[in-house]
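To start, the structure under review is shown below, and the notes come after it.
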Amino acid sequence: MLASELITRFESFAPLKLKWHDDPTGLQIGDPNQPIHKVLVTLDVRPEVVDEAIKVGADMIFAHHPVMFRPAANLDYQDPQKAMYAKIAAHHLLVYAAHTNLDCAEGGMNDWLAQALGLQQVSGLVPGYHAAAVKLTVTVPAAQAEAVQEYLIKTWQAKVDRYALNSGEQFSVDLLQDNLSAAIQGIQALLPTTDWDYQAEPLLTGGHQYSMGRIGDLAQPMTVQAFAEQCKQVFGVGGLRLVSAAPQQLIQRVAVLGGDGGKFYHQALQQGAQVYVTGDVYYHTAHDMLAAGLSVVDPGHHIESICKAQLTTLFTQWASDHDWPLEIVASQLNTDPFTFI
């Protein structure tokens, strides 16, 4: 199979339009039309990860963090980072990164973290891409009406309003603008030789809001200190940083945002969070969080390595569903640069 097949399927799960502005998400190195047989899933693309990919016989590396956050001014191989690019190219490895689009995707990074923390009644934290809604009105011959209705309901989970006309039957459904083209193509595939008509009108309300981060409630209240200890166990870290003026306070409402989420703490406060779980909290930002009465658990950036197991399971399921001759393996390396002593 081609790498583009996996990429296309993934981008239907986490579309690139979800990514944060200027985030270098997507294809990093290589040709998406090259055949692939084994994919190595990793959090980071580091020299040791590239060596691991070569050792296990992978021809694609699927990472969360981009391999190139900043453009390279040259390709001086004395620089270990640039030597790594050369090794990737020499071994014909394709590198793809799913960064903030995976952070915002439903069923993606921040849902995995929220699930690991046992949060309930989960909703989005930081608003991102908003998918607008449209009303699609379709007129088809009466003989094809049942097939079209079944397609709209099963494929798009649409609530269908159906009307009888002299010329046939008419359906009216609300869809996301992003899905309109595919829905029309699907109807056309059902009626390849039939005359039918449609109209699409934008809606001022509705649509769907995607978000980075999640907020929800613990099943039972616990102290800030006990929750921090639980985070150590859940994320398998040897230590973490706790920012709290009241570690014995009982809390239940928790916000989480994988990676460097300190700048979003105001959104956590606005939604009633008592504790905010995120990484890479800056010194002065921590002071501001304390002054605002927010407790913060910083277990580090590397907790996003939860993606390795989750993506491996997801890709393996897709390979089975589509009968892809593809093996998915998770990197066995710990790329966290920090060690607690």
Side-chain angles (χ1 to χ4, degrees), residues 1-16 19-20 22-103 108-109 259-260 301-302 304-319 322-339:
M1 65 173 290
L2 302 181
S4 59
E5 296 177 70
L6 175 60
I7 292 170
T8 297
R9 179 64 184 87
F10 178 79
E11 290 180 358
S12 70
F13 168 74
L16 291 179
K19 75 183 183 72
W20 235 238
D22 288 339
D23 179 42
T25 286
L27 180 67
Q28 304 284 291
I29 299 173
D31 180 357
N33 293 312
Q34 78 178 50
I36 57 170
H37 306 88
K38 182 179 286 190
V39 179
L40 179 73
V41 178
T42 182
L43 174 62
D44 303 295
V45 183
R46 304 305 310 143
E48 61 271 24
V49 174
V50 174
D51 289 340
E52 180 186 25
I54 295 167
K55 182 178 180 180
V56 301
D59 29 38
M60 179 176 179
I61 297 175
F62 195 104
H64 177 52
H65 291 138
V67 67
M68 292 182 176
F69 271 108
R70 300 170 188 83
N74 58 55
L75 288 176
D76 181 352
Y77 296 158
Q78 296 175 93
D79 181 328
Q81 181 76 11
K82 294 166 185 174
M84 180 181 72
Y85 301 155
K87 181 175 284 189
I88 289 171
H91 286 83
H92 305 289
L93 291 169
L94 184 141
V95 181
Y96 184 94
H99 194 214
T100 51
N101 59 326
L102 183 59
D103 290 336
M109 178 66 76
D260 173 4
H301 207 121
H302 194 260
E304 291 190 314
S305 62
I306 194 172
C307 73
K308 293 194 293 186
Q310 294 286 348
L311 288 174
T312 297
T313 299
L314 189 64
F315 293 171
T316 300
Q317 182 61 55
W318 292 349
H322 298 285
D323 199 24
W324 290 338
L326 188 65
E327 182 181 356
I328 315 296
V329 295
S331 172
Q332 299 303 301
L333 300 179
N334 182 344
T335 54
D336 191 344
F338 301 110
T339 301

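Side chains included, hydrogens not; waters and symmetry mates left out as well; all remaining heavy atoms used.
Nearest heavy-atom pair across Leu333 and Lys308 is O-NZ, 3.0 Å. Across every non-hydrogen atom of Leu93 and Ala58, the tightest pair is CD2-O, 3.1 Å. Shortest non-hydrogen contact noted between Pro80 and Pro47 is O-CG, 4.5 Å. For the residue pair Ser305 and Leu43, the shortest heavy atom distance occurs at N-CD2, 3.8 Å. Residue Leu94 comes nearest to Asp31 through the heavy atom pair CD1-O, 3.0 Å, listed as atom of the first residue, atom of the second, then distance. Annotation for Ala97 and Thr25: closest pair O-CG2, 3.5 Å, computed over non-hydrogen atoms.
To the nearest 0.5 angstrom, Ile61 atom CD1 is 11.5 Å from Asp44 atom CG. Within the model, atoms CG of Leu314 and CZ of Phe10 stand 8.0 Å from one another, a figure rounded to the nearest 0.5 Å. If you take CD on Glu11 and CG on Asn101, they are separated by 7.5 Å, rounding to the nearest 0.5 Å. The OG1 atom of Thr100 lies 10.0 Å from the CG atom of Asp22; values are rounded to the nearest 0.5 Å. Separating the CE atom in Met1 from the CD1 atom in Ile36 is a distance of 4.5 Å, to the nearest 0.5 Å. Note that CZ of Arg9 and CZ of Phe13 are 8.5 Å apart. Values are rounded to the nearest 0.5 Å.
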Please test Asp260 against His301 for side-chain hydrogen bond (donor to acceptor under 3.5 Å, both in side chains), starting from the C-alpha separation and ending with a verdict.
CA-CA 7 Å; Asp260 173 4; His301 207 121; over 6 Å; no
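Counting heavy atoms from C-beta on, the side chains of Val49 and Leu40 come closer than 4.5 Å. Counting heavy atoms from C-beta on, the side chains of Lys87 and Ile54 come closer than 4.5 Å. Looking at heavy atoms from C-beta onward, His65 lies in side-chain contact with Glu304 at the 4.5 angstrom threshold. Looking at heavy atoms from C-beta onward, Met84 lies in side-chain contact with Val45 at the 4.5 angstrom threshold. Counting only heavy atoms from C-beta outward, the side chains of Gln310 and Val41 never approach each other to under 4.5 Å. Under the 4.5 Å side-chain criterion, counting only non-hydrogen atoms from C-beta, Glu5 is not in contact with Trp318. The closest side-chain heavy-atom distance from Leu326 to Phe315 is not below 4.5 Å. Between Met68 and Tyr85 there is a side-chain heavy-atom pair separated by less than 4.5 Å.
A distance-only check finds a donor-acceptor pair linking the side chain of Lys38 to the backbone of Val56 [under 3.5 Å]. Panel note: side chain His64, backbone Ala98; a donor-acceptor pair is recorded below 3.5 Å.
Under the 3.5 Å distance criterion, with hydrogens and angles disregarded, a donor-acceptor pair is assigned to the side chains of His37 and Asp59. A donor and an acceptor atom, one from each side chain of Asp79 and Gln81, are nowhere located under 3.5 Å apart.
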